[in-house]
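Notes follow once the structure below has been shown.
Residue numbers begin at 1 in each chain, while the letters A, B, ... track the order of the sequences.
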Amino acid sequence: MSKKSFRQAINEALRQEMRRDPRVILMGEDVAGGRGGTGVKDAWGGVLGVTKGLQTEFGEDRVLDTPISEASYIGAAAGAAATGLRPVAELMFVDFVGCCLDQIMNQAAKFRYMFGGKARTPLVIRAMYGAGFNAAAQHSQALYPLFTHIPGLKVVVPSSPYEAKGLLIEAIRDDDPVIFLENKVMYDDEEDVPDEPYTIPFGEANLTREGDDVTIVAFGRMVNFANQAADRLEKDGISCTVIDPRTTSPLDTGTILDCVADTGRLVIVDESSPRCNLATDVAALVAEEAFDALKAPIRRVVPPHTPVPFSTVLENLYMPSVEKIEAAVRSVAAYHVKEEA
Amino acid sequence: MSKKSFRQAINEALRQEMRRDPRVILMGEDVAGGRGGTGVKDAWGGVLGVTKGLQTEFGEDRVLDTPISEASYIGAAAGAAATGLRPVAELMFVDFVGCCLDQIMNQAAKFRYMFGGKARTPLVIRAMYGAGFNAAAQHSQALYPLFTHIPGLKVVVPSSPYEAKGLLIEAIRDDDPVIFLENKVMYDDEEDVPDEPYTIPFGEANLTREGDDVTIVAFGRMVNFANQAADRLEKDGISCTVIDPRTTSPLDTGTILDCVADTGRLVIVDESSPRCNLATDVAALVAEEAFDALKAPIRRVVPPHTPVPFSTVLENLYMPSVEKIEAAVRSVAAYHVKEEA
Amino acid sequence: MQISRDILTRSYRSMRTIRDFEERLHVEFATGEIPGFVHLYCGEEASGVGVCAHLTDTDTIASTHRGHGHCIAKGVAVEGMMAEIYGRQTGVCHGKGGSMHIADLSLGMLGANGIVGGGPPLICGAALSHKLLKDNNVAIAFYGDGASNEGSTLESLNLATVWQLPAVFVVEDNGYGEATGASYACAGTQKDRAAGFGMPYFECDGTDFFAVYKTAGEAIAHARSGKGPAMLHVHLSRWYGHFEGDAMSYRADGEVAKQRAEHDCLVNFRKYVSEVSLLETSVLDEIDADVKSEIDAAVIAAKAAPLPEDADLMRDVYVSY
Amino acid sequence: MQISRDILTRSYRSMRTIRDFEERLHVEFATGEIPGFVHLYCGEEASGVGVCAHLTDTDTIASTHRGHGHCIAKGVAVEGMMAEIYGRQTGVCHGKGGSMHIADLSLGMLGANGIVGGGPPLICGAALSHKLLKDNNVAIAFYGDGASNEGSTLESLNLATVWQLPAVFVVEDNGYGEATGASYACAGTQKDRAAGFGMPYFECDGTDFFAVYKTAGEAIAHARSGKGPAMLHVHLSRWYGHFEGDAMSYRADGEVAKQRAEHDCLVNFRKYVSEVSLLETSVLDEIDADVKSEIDAAVIAAKAAPLPEDADLMRDVYVSY
Ligand SMILES: Cc1ncc(C[n+]2csc(CCOP(=O)(O)OP(=O)(O)O)c2C)c(N)n1
Ligand SMILES: Cc1ncc(C[n+]2csc(CCOP(=O)(O)OP(=O)(O)O)c2C)c(N)n1
Ligand SMILES: [Mg+2]
Ligand SMILES: [Mg+2]
């Protein structure tokens, strides 16, 4: 056990799995860097250094730099997965899925079903997501709702270094295509992470705290925001349960429904665009299956229906924040069903 | 006014707008057909004959067959729209969006915002969607949730020939990028459609019937299913309001909330994959903003979280049906809030 | 060119099987009993068979929407294919895939594909598996002239050279993508494209089994030897519409009739092997009869086979979920 | 080659403006005050300027993530650009876009682009507008060696020929896509790719303004004359990291220093024009001084400019909604 950053936790997960299983390979643009250059090899280790050192340890055959052509290499990862390897492909920014969605949505995700159960596609696609980096509209999207919508994919949004390591090892060992999304603002976050390999199962939510008054469901980086909001609210006597679903597909609906059955009040925090996102998904689940328990409207803390703006002032305004979560929780906590209902 | 099929209504809308405005052009794979062949020109007029005769009338400059390369021609449509033309690009099956999502999501949809309001992109992308054609997993998806999720796009799902004509003319005259989705099973549906051009505004839902007991929100072809279910239910004294939102983005939230305020009970019918879809979107809206009015859980009639299967028996099982809608409405109509709530 | 009797008879049988399978589908489709889209490979048999004659079950191929021929050439069982096309539970994909998604990974058949350009990236991946697992196999992407304009295909040509993959890109150029001629839709030449992505280019008459066999042999030998990918450009003609139901008005009257009359790979195969006394006519006749009853049996079995059950709907979305 | 004094001075001014703009950004970025990603065009000035010297405001260009140079070459105002990069309301995009999304459609500048390969399809569309509106304009896609492997780029080459568009595809080949060398990532040659998609190929030294001016002139004349698209392959070197913060360890020590010393387009421009007495040194010195104060003023103005207001967040998602 030692303090590790989110970046280090991911790097370690990859390294340990590559040591364990020679079929695990990595590919992506500059996952090493330096190929065809005049300087050093393994020059970058990913655009933000997450895969640094892996080519040095595992060689050019297992850590493959690619041309800038996402459709071909993401498709290649799918094809390799269907034929004996266990590729981890890096898409860099999840926004680039626009260049390779077909290979994810129509190929990898559907093989098994279309082929009547005869394919296995143990593929992991890693990508970074999220606003807060002044990276503007084409490099700041969350997009996990899009992947969650597609049957055949599993979707992981880790909320901390500990979660990231365990969930990534699970993803690599999983036999289905997994989209593994890393919030780009979190790479330097640190916490204690075991040195040895471990897995965290998919579809099992983590309760980062338990309380009586309001349930908060939050995804990825938003879990931290929710915890901070819960801390503040606690001081005012509002106690919250905070649910980190860890994976949006599969989604641990049981835990969400149980918690709402207890608190009767729900706030969902989702940094993805608001229409047809995870906040709507969870709200619909609860409005259908825990209706009786609900004592207040289901509040969503989500960005507005706009692209992500560049300027810091606007980006801050765009993002869900601790303050907005706090306000939403207060409003549902204070809510009382009207007499006539 | 005369009886026209869904196919004819669309063809007429295109023809009339092309006559009206020389900047309106068409492009897509085999929207005419026959280029480079040894036989006749305008040989297909689209894979299902929807654009038949338009090249013959408007010429090869305005009805452009494309190579099979969606990224380039959908992007070209976006670029042409930003520089003075008003292109209507046909994507054939909406499933092929996997080959050109970037040009839709990161280019066309975001120009105006990223450029501080300085661009106008009067682009229409037509595509067919939906199951029921034994077209299997890669040619049967609905995918409107994906487009609805993306800020900067407008999304239209017409429910009948009359709706299709008016909404398509509106789409062509609109100055924003519009995704216009045609249910492939409906092309032969007929109804009375005015011969002259007319428009139907976006974001204004149509109530195909009004009732007191249950509100049904349904999209595209599902509107017809909902109406049939409502007919049957009426006989048993359950009266329904059926809302056809016409556009999923913008969504007429006002009408939905008003109707739910009246009936207190809501069923949503959506043929797209169930996670993060329009059914969840509408449910979340209502659970947040019409909570007080709700007298029953919000029921969704949606397919399971699987790819679309090929075999007829499975495809029928997969699809929402009149029977399933009827059952859902009955269950919410019969629902009474538990004592303790 | 050396070619064993075994390969000759197997190849002839494959071509005949494809022909009969497709001609029969054409007839059966017209009855309305076959659901969905069906794209026939008739007329193109020598291509898939001439290429696959160089492959074993551990080599990989990826196919297209026009996939029946490649499947049969790679050894997928005809009975299971027919049942699949009829949407039966006994189909190779248990009725979940249909004509456009027939696959059998145990035979190195990575699937027909409803997406034009879907296969080439996958084949880069399969070739990577072969390279890293050092199994001496090759991976073959079949795709059409139309598909040669898809970005995914073009990117794959580049990637395959960059990674020096044991892959062959077989452009089956039948002159049309749907109703549009290749002379309109394909700028430049396939040959220059091969050069543009740094790989050797081979080309042959795809209605002549022996030409395909010889040229494919060279292209595949190149890839198998570890020298990187190759492109094989096969010139062909399809005999039916793009899909069943297409009247082919974009083709001149007589264009197909001429192909059938002069470039029938089966007729020409028979003529050649008897002229040079490679195979006796009686052997070929026997194969013909055999295949005929095989196809008959497959159709009868498919029609009689059980439909999928309700529980099949939810099965096999994931390995675990 | 004929080249007017006006074009010479304007081009020199453009190149100098780009150089100073970028060198200044390099300095300012280090202070931490500039948000987001910044990709510098330093060293590549002669390319954008040599091409755009043939264009008017009604011709269209599309740029890349490395877009400042193209913007300046096409006439976008430096003050608005600087304010944009600082995220100010006075920026050309009101602070909504930042460095990667600077655009000015009124000047035919269709935007920098954060997506590699994003521009070429758009340029097919702009060229189509020019063709159908018969305005005699051309459309130019700038893209890098790295972007030359994107499917969207490759498809666009084909589409432009199929549609006979007045488009020029300018491959700015600086030898690297991020940290990866073009010698690794680009199989084959750009020249063969041009042939593979049926268009003429032009090539030049992108650090020599006169070479670019001459060759771009030929390529653009070809496109403008209605003969279809052309490819222009420009050989270049970038002087800074892929983005600010990149230590460039993938390049040999001295690689950039040598470029700076021997292939500085500004130094060589000055040398040439005074050798052949095209322009007086005093004119150039005056431009240098002018530009220096313009950039100073732009930075001061940007830092002092107002930030966007809250209401800007919701503005301009749609024309109407
Ligand atoms: C991405 C995508 N675009 C379009 C289609 C529709 N489509 C199916 S087959 C086909 C023509 C393919 O032509 P070609 O590659 O020459 O193959 P052929 O049909 O001639 O065998 C088209 C356009 C598709 N299935 N996928
Ligand atoms: C679709 C996509 N893939 C990857 C990236 C990340 N990226 C940004 S710039 C770049 C390198 C581009 O190289 P090149 O085209 O040679 O242009 P240069 O940076 O050399 O000017 C990459 C990979 C991106 N922005 N978009
Ligand atoms: Mg073809
Ligand atoms: Mg470069």
Separation between CG (L122(C)) and CZ (F111(A)), nearest 0.5 Å, reads 4.5 Å
Return yes if some donor-acceptor pair links the side-chain N/O of Y113(A) with the main-chain N/O of L313(C) below 3.5 Å, else return no.
yes
What one should report as the nearest heavy-atom pair of G111(C) and F115(A) is CA-CZ, 4.0 Å
Under 4.5 Å to a heavy atom of chain A? For V162(C) that would be side chain
Subject >> side chain to side chain contact (heavy atoms under 4.5 Å, CB included) between R120(A) and L105(C), intermediate numbers included >> reply: CA-CA 10 Å; R120(A) 244 164 227 265; L105(C) 280 85; over 6 Å; no
Honestly, the part of D312(C) sitting under 4.5 Å from a heavy atom of chain A is backbone
Check your understanding: I25(A) versus L128(C): any side-chain heavy-atom pair under 4.5 Å?
Key -> yes
Check: Quick one: does H130(C)'s side chain get under 4.5 Å of T83(A)'s, heavy atoms only?
Finding: no
Cut-off 4.5 Å, heavy atoms of chain A, and the answer for L110(C) is both
Closer than 3.5 angstrom, by distance alone: can the side chain of S156(C) be matched with the main-chain N or O of S72(A) as a donor-acceptor pair?
no
Tell me whether K96(C) contacts the main-chain N or O of R112(A) through its side chain, where contact means a donor paired with an acceptor under 3.5 Å. no
Correct closest heavy-atom pair for Y318(C) and I150(A) would be OH-O, 4.3 Å
Note: vs chain C, highest number of non-hydrogen pairs under 4.5 angstrom among I74(A), D174(A), I68(A), D175(A) is D175(A)
Closest non-hydrogen atoms of A80(A) and S129(C), given as atom of the first, atom of the second and distance, are O-OG, 3.2 Å
Honestly, the part of S320(C) sitting under 4.5 Å from a heavy atom of chain A is both
Most contact-rich option vs chain C, by heavy-atom pairs under 4.5 angstrom, among A81(A), G117(A), P67(A), G152(A), is G152(A)
Value for OG (S152(C)) from CD (Q107(A)), rounded to nearest 0.5 Å, stands at 8.5 Å
Most heavy-atom pairs under 4.5 Å with chain A, out of N158(C), N113(C), I123(C), belong to N113(C)
In short, W163(C) meets D65(A) closest at the heavy-atom pair NE1-O, 3.0 Å
If one checks every heavy atom of F202(A) against chain C at 4.5 Å, the contacting part turns out to be neither
Taking D176(A) for the side chain and V319(C) for the main chain, is one N or O donor matched with an acceptor at less than 3.5 Å?
yes
- Message: Counting C-beta onward and ignoring hydrogens, is there a side-chain heavy-atom pair between K154(A) and Y321(C) closer than 4.5 Å?
- Response: yes
Most heavy-atom pairs under 4.5 Å with chain C, out of R23(A), E60(A), M27(A), belong to M27(A)
dist C99(A):SG -> E155(C):CD (nearest 0.5 Å) comes out at 8.0 Å
Whatever's closer than 4.5 Å to a heavy atom in chain C on T121(A) counts as neither
Chain C shares the most heavy-atom pairs under 4.5 Å, among M114(A), Q103(A), E70(A), with M114(A)
From the list A108(A), P177(A), G116(A), the residue making the most non-hydrogen contacts under 4.5 Å with chain C is G116(A)
Between the CG atom in L132(C) and the CG atom in D61(A), the distance rounded to the nearest 0.5 Å is 5.0 Å
Original post:
Is K191(C) atom NZ crowded by more than 12 heavy atoms from other residues, nucleotides or ligands, each under 6.0 Å away?
Top reply: no
